[in-house]
K.L.:
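Just passing along the structure, written as structure tokens.
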2 protein chains.
Amino acid sequence: MEEQKKKILLVEDDPNFGIILKDYLMMNDYDVVHAKNGMEGFEKFKKDDYDLCILDVMMPYKDGFTLAKEIREKNTDVPIVFLTAKTMKEDVLKGYKVGADDYLNKPFDSEVLLMKIKAIMQRKATETISDSKQFEFKIGRFDLNSKLRFLKFDGGDPVKLSPKENELLRLLALHENDLMPRELALTKIWRDDNYFTSRSMDVYIAKLRKYLKLDEKVEILNIHGEGFRLVVN
Amino acid sequence: MEEQKKKILLVEDDPNFGIILKDYLMMNDYDVVHAKNGMEGFEKFKKDDYDLCILDVMMPYKDGFTLAKEIREKNTDVPIVFLTAKTMKEDVLKGYKVGADDYLNKPFDSEVLLMKIKAIMQRKATETISDSKQFEFKIGRFDLNSKLRFLKFDGGDPVKLSPKENELLRLLALHENDLMPRELALTKIWRDDNYFTSRSMDVYIAKLRKYLKLDEKVEILNIHGEGFRLVVN
DNA sequence: AAGCCCTTTTAACCTTACATTAACAAAAAT
DNA sequence: ATTTTTGTTAATGTAAGGTTAAAAGGGCTT
């Protein structure tokens with residue numbers, strides 16, 4: 001069994017601090033890629049798979065939140081930790097809204113950071129036992145590739161899916177023939193559960209149904225008040 | 001619609017602060033049980049299932065860490081958040097070691113706490129893909145799936161059941177051939193026992209009888225003044 | 001900055017699903 | 001006999017979901 005080092009994307013514009021942090025993490029057995037601003041961070045993120053992203057909030061060109069949002073569009077699961085300059089409540093709240101897993105106030109203690117990282121990785125480890133490579137699905141005569149965000153019918157031309165369409169169909173596929181609770185999709189994809197996000201989700205269900213009706217054996221059923229069910233007859 | 005509130009165990013020895021925090025959380029739609037020390041906290045924990053534990057670190061009799069360890073022995077999954085008096089690095093590290101999900105330094109901002117709770121619950125949401133076997137019943141020639149809320153006759157087309165129909169039939173099935181007391185259904189399903197809910201229940205019994213008459217071996221009998229009995233001959 | 005494309009949200013309107021209540025009939029208990 | 005409980009059907013009001021279209025937002029190009 002080959003032990004794979006965990007890969008961390010560190011986006012931090014202060015060069016001194018960035019290097020120090022990077023070295024410290026590498027000394028502790030992480031594989032660290034350091035980007036010096038939001039732009040570069042996103043480029044690097046697209047090129048590889050990371051187990052964790054550590055983002056500075058204050059950065060030129062593209063701040064940490066904007067970057068986080070972009071990262072979230074491509075990947076709803078990767079843990080994100082923010083580094084905020086001080087205890088700025090605004091920042092913290094904003095961070096959680098874009099789906100942060102945690103945040104740290106600068107200056108912070110490096111051991112604390114390490115523990116946080118460990119805790120987060122551990123959390124992921126328990127979750128990610130089964131769904132590690134769950135990006136490709138066969139749904140009746142369709143093939144869904146949720147990494148590349150397309151849907152093919154009978155091996156024909158792929159139709160591109162928007163991020164939300166993709167995530168929603170992926171969640172449904174993960175629960176094929178079973179209940180996919182409304183609340184699950186709303187918390188996982190929309191990160192909020194209110195009247196409007198709920199209506200938004202219904203709109204997406206309608207869109208997916210449109211795509212899926214090419215195969216009349218495939219349908220999305222509603223379970224009133226509970227959620228939806230993707231069935232393949 | 002019947003909404004299931006998330007249940008929080010709050011263990012905090014400062015009575016004023018505890019009450020205030022409890023009220024604040026309840027205002028935000030959580031179901032909160034407040035324990036005043038570690039001992040009491042553990043007692044309450046054993047008696048019920050919680051979605052989250054919020055533990056003060058400094059407490060008489062039994063501190064938060066000891067309590068957390070005990071809780072972890074019984075339940076490896078429930079998220080734990082610590083409240084630490086100040087930025088005590090020792091505490092934070094120790095907290096993560098016993099498997100905390102997060103910590104908050106007192107005094108903390110209540111909105112921040114709320115966001116943390118939300119984030120933690122979101123994380124949990126994915127894991128909770130519960131197993132189905134306890135939701136399936138065989139009733140004569142019928143199959144009841146009370147998770148997906150349908151009833152099949154001889155493996156034919158499933159008939160959809162409404163939430164109340166479903167819950168009622170499930171309760172009857174749990175007591176198959178035995179008395180299912182009126183009061184039980186009223187308190188469990190209707191959460192209230194009065195003339196009108198009682199009449200409402202009778203209406204649902206009539207609906208269920210209609211579904212079930214496809215199999216003349218299955219019937220719902222009334223036990224006057226007591227309740228109903230689902231019998232399979 | 002203006003315009004365009006893509007995605008997402010919001011709004012509107014309509015349909016379906018559900019639970020409750022009323023009304024009256026039938027059984028059972030007193 | 002009459003009061004209470006149960007059986008059943010139908011009517012009503014409300015909430016949830018289906019669908020389409022318009023508005024809003026963001027990035028990118030010119």
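FYI, side chains are in, hydrogens and waters are out, and symmetry mates aren't considered; it's all heavy atoms of this structure. The sequence lines fix the lettering, A, B, ..., with proteins before strands; numbering per chain opens at 1.
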K.L.:
Measure CD/A/Glu167 against P/C/dT8 and give the value in whole Å, please.
P.N.:
10 Å
K.L.:
Rounded to the Å, how far apart are A/Ile189 CD1 and C/dT7 P?
P.N.:
16 Å
K.L.:
Just to verify, what does B/Asp48 make a salt bridge (Lys or Arg N to Asp or Glu O under 4.0 Å) with, not counting sequence neighbours?
P.N.:
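B/Asp48 satisfies salt bridge (Lys or Arg N to Asp or Glu O under 4.0 Å) with B/Lys7 only.
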K.L.:
Taking side chain to side chain donor-acceptor pair (under 3.5 Å) as the test, write out the residues that go with A/Thr76, two or more places apart.
P.N.:
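A/Thr76: side chain to side chain donor-acceptor pair (under 3.5 Å) contacts with A/Glu167.
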K.L.:
How large an angle, rounded to 10°, do the end axes of the helix from C/dA1-D/dT30 to C/dT30-D/dA1 enclose when each is built from five base pairs?
P.N.:
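The end-segment axes of the helix from C/dA1-D/dT30 to C/dT30-D/dA1 are tilted 30° relative to each other.
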K.L.:
Without decimals, in angstroms, what is the distance between A/Leu168 CG and C/dT9 C1'?
P.N.:
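Whole-Å distance recorded here is 15 Å.
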K.L.:
For A/Lys138, check side chain to side chain contact (heavy atoms under 4.5 Å, CB included) against everything at least two apart and list the hits.
P.N.:
A/Asp143
K.L.:
Round to the nearest Å and state the distance from B/Asn222 atom CG to C/dA28 atom P.
P.N.:
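Whole-Å distance recorded here is 9 Å.
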K.L.:
With B/Ser198, which residues qualify under side chain to side chain donor-acceptor pair (under 3.5 Å), at least two apart?
P.N.:
B/Arg182
K.L.:
Categorize B/Phe228 for me: base, sugar-phosphate, or nothing, with a 4.0 angstrom heavy-atom threshold over every strand shown.
P.N.:
sugar-phosphate
K.L.:
May I have the distance from B/Tyr211 (atom OH) to D/dT9 (atom P), rounded to whole angstrom?
P.N.:
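It is 13 Å, rounded to the nearest whole Å.
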K.L.:
Spell out protein contact along nucleotides 22-30 of chain D as letters: B when the base is contacted, S when just the sugar-phosphate is, - when no protein heavy atom is under 4.0 Å; keep the 5' to 3' order.
P.N.:
---------
K.L.:
Side chains of A/Asn194 and A/Asp192: any donor to acceptor distance under 3.5 Å?
P.N.:
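Yes, because at least one side-chain N or O of A/Asp192 sits under 3.5 Å from a partner of the opposite role on A/Asn194.
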K.L.:
List for me each residue that meets side chain to side chain donor-acceptor pair (under 3.5 Å) alongside A/Arg209, sequence neighbours excluded, and say none if there are none.
P.N.:
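Expected list: none.
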K.L.:
Base, sugar-phosphate alone, or nothing: which one does A/Asp202 contact when heavy atoms must sit under 4.0 Å apart?
P.N.:
base
K.L.:
Calculate the interatomic distance between A/Arg191 atom CZ and C/dT9 atom C1'; express it in whole Å.
P.N.:
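Rounding to the nearest Å, CZ of A/Arg191 and C1' of C/dT9 are 18 Å apart.
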K.L.:
So does A/Lys46 pair up with A/Glu43, basic N to acidic O under 4.0 Å?
P.N.:
yes
K.L.:
List in chain and number order the residues that pass salt bridge (Lys or Arg N to Asp or Glu O under 4.0 Å) with A/Lys217, two or more places apart in sequence or in another chain; answer none if no residue qualifies.
P.N.:
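None.
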K.L.:
Output the rounded distance in Å from CE (A/Met201) to P (D/dT19).
P.N.:
14 Å
K.L.:
Set out, line by line, the N/O atom pairs under 3.5 Å between protein and nucleotides 14-21 of chain C.
P.N.:
from   : atom 1 : to       : atom 2 : distance (Å)
C/dC18 : OP1    : B/Arg149 : NH2    : 3.2
C/dA19 : OP1    : B/Lys164 : N      : 3.2
C/dA19 : OP2    : B/Ser162 : OG     : 2.4
C/dA19 : OP2    : B/Tyr204 : OH     : 2.7
C/dA19 : O5'    : B/Tyr204 : OH     : 3.2
C/dT20 : OP2    : B/Trp190 : NE1    : 2.8
C/dT20 : OP2    : B/Ser200 : OG     : 3.1

K.L.:
Rounded to whole angstrom units, what separation is found between the CD atom of B/Glu226 and the P atom of C/dA29?
P.N.:
11 Å
K.L.:
Tell me every residue that passes salt bridge (Lys or Arg N to Asp or Glu O under 4.0 Å) with B/Arg141, counting only those two or more places apart in sequence or in another chain.
P.N.:
B/Asp154
K.L.:
So, using side chain to side chain donor-acceptor pair (under 3.5 Å) as the criterion, who are the partners of A/Thr66 when residues are at least two apart?
P.N.:
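Partners of A/Thr66 by the side chain to side chain donor-acceptor pair (under 3.5 Å) criterion, ordered by chain and then number, come out as A/Asp63.
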K.L.:
Residues in salt bridge (Lys or Arg N to Asp or Glu O under 4.0 Å) with A/Glu165, at least two apart?
P.N.:
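Per chain and number, A/Glu165 pairs via salt bridge (Lys or Arg N to Asp or Glu O under 4.0 Å) with no residue.
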